[in-house]
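Proteins get letters first, then strands, A, B, ... in listed order; numbering begins at 1 in each.
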Amino acid sequence: EDKVVQSPLSLVVHEGDTVTLNCSYEVTNFRSLLWYKQEKKAPTFLFMLTSSGIEKKSGRLSSILDKKELFSILNITATQTGDSAVYLCAVLQRPASNNDMRFGAGTRLTVKP
Amino acid sequence: KAGVTQTPRYLIKTRGQQVTLSCSPISGHRSVSWYQQTPGQGLQFLFEYFSETQRNKGNFPGRFSGRQFSNSRSEMNVSTLELGDSALYLCASSLGSGSSSYEQYFGPGTRLTVT
């Protein structure tokens, strides 16, 4: 059965800390992995990863995919209270017409002042 | 560019009733996907519409249905509501084809409470 597993489920850190969130997957016909940040309502898009070993960066956030070991990590450096949210990873499968994203349960990150 | 909009934002219904939710995608996006989010099950895919046709379907009963109009706006209908249908219903839009088709952008969601 296809599955997407995120760890840890929750994390509490202090401002300035660096965190690493994990997402492992076992799906057939893997196409891409996406990361979203969900604060109160709608998840907002962070990254899409399709190729192994290529790091994507956006400010203090970065992510990388390992298609051999079937996982991705999301790093957040110098965390701020505004980073507090649930971080979701989702996997897209082939064919390209399949837009069914399979989500992990999410990691709830709390950043304390 | 305006984002994805969903109406209504909140809804309270009783068991046995039916409900229709609406989603307007980002201008130019032709794909609309619907998701159900509950604390117990997380985010689960309901179905996707592209060019007025259902292209993909998740593992939900037939009480859940949808449609898409020629302007790409989509509606989702749930009939014979059950208590377990209480959830946040999110729609996401994407181009649906081409190299950037994978990126889906979510609307604010409709919070449905069934009593």
- Query: Which bit of B:Tyr35 comes within less than 4.5 Å of chain A, counting heavy atoms only: side chain, backbone, both or neither?
  - Reply: side chain
- Item | Common cluster, B:Leu11/B:Leu46, ILVMFWY with side-chain heavy-atom separation under 4.5 Å | yes
- Item | A:Tyr36 ring center near B:Phe106 ring center (under 6.0 Å) | yes
- Can you check whether A:Met101 reaches B:Leu43 side chain to side chain, under 4.5 Å on heavy atoms? no
- Task: Give the cluster check for A:Val13 versus A:Trp35: same hydrophobic cluster or not, with ILVMFWY residues linked at side-chain heavy-atom distances below 4.5 Å.
- Result: yes
- Query: Which residues in residues 70-87 of chain B have a heavy atom less than 4.5 Å from any heavy atom of chain A?
  - Reply: none
- Neighbour count above 12 (heavy atom, 6.0 Å) for A:Lys57 NZ: no
- Heavy atoms of other groups near B:Arg15 CZ, more than 12 under 6.0 Å: no
- Query: Is chain A contacted by the side chain of B:Leu88, its backbone, both, or neither, given a heavy-atom distance below 4.5 Å?
  - Reply: side chain
- Query: Are A:Ile64 and A:Leu70 in one and the same hydrophobic cluster, where Ile, Leu, Val, Met, Phe, Trp and Tyr link if side-chain heavy atoms are under 4.5 Å apart?
  - Reply: no
- Task: Considering only heavy atoms and a distance below 4.5 Å, find which of B:Gly42, B:Ser33, B:Gly107 pairs most often with chain A.
- Result: B:Gly107
- Message: Is there a path of hydrophobic side-chain contacts, each under 4.5 Å between heavy atoms, that joins A:Leu46 and A:Tyr25?
- Response: yes
- So which heavy atom on A:Ala42 is nearest to which on B:Leu90, and how close? CA-CD2, 4.2 Å
- Query: chain A heavy atoms under 4.5 Å from B:Gln37: which part of the residue, side chain, backbone, both or neither?
  - Reply: side chain
- Message: Is it the case that over 12 heavy atoms from other parts of the model lie below 6.0 angstrom from the CG atom of A:Asn29?
- Response: yes
- Task: Would you mind listing every side-chain hydrogen bond (donor to acceptor under 3.5 Å, both in side chains) that reaches into residues 4-22 of chain A, with sequence neighbours excluded?
- Result: A:Thr20-A:Asn75
- Query: With hydrophobic residues grouped by side-chain heavy-atom distances under 4.5 Å, do A:Leu109 and A:Val86 end up in a single group?
  - Reply: no
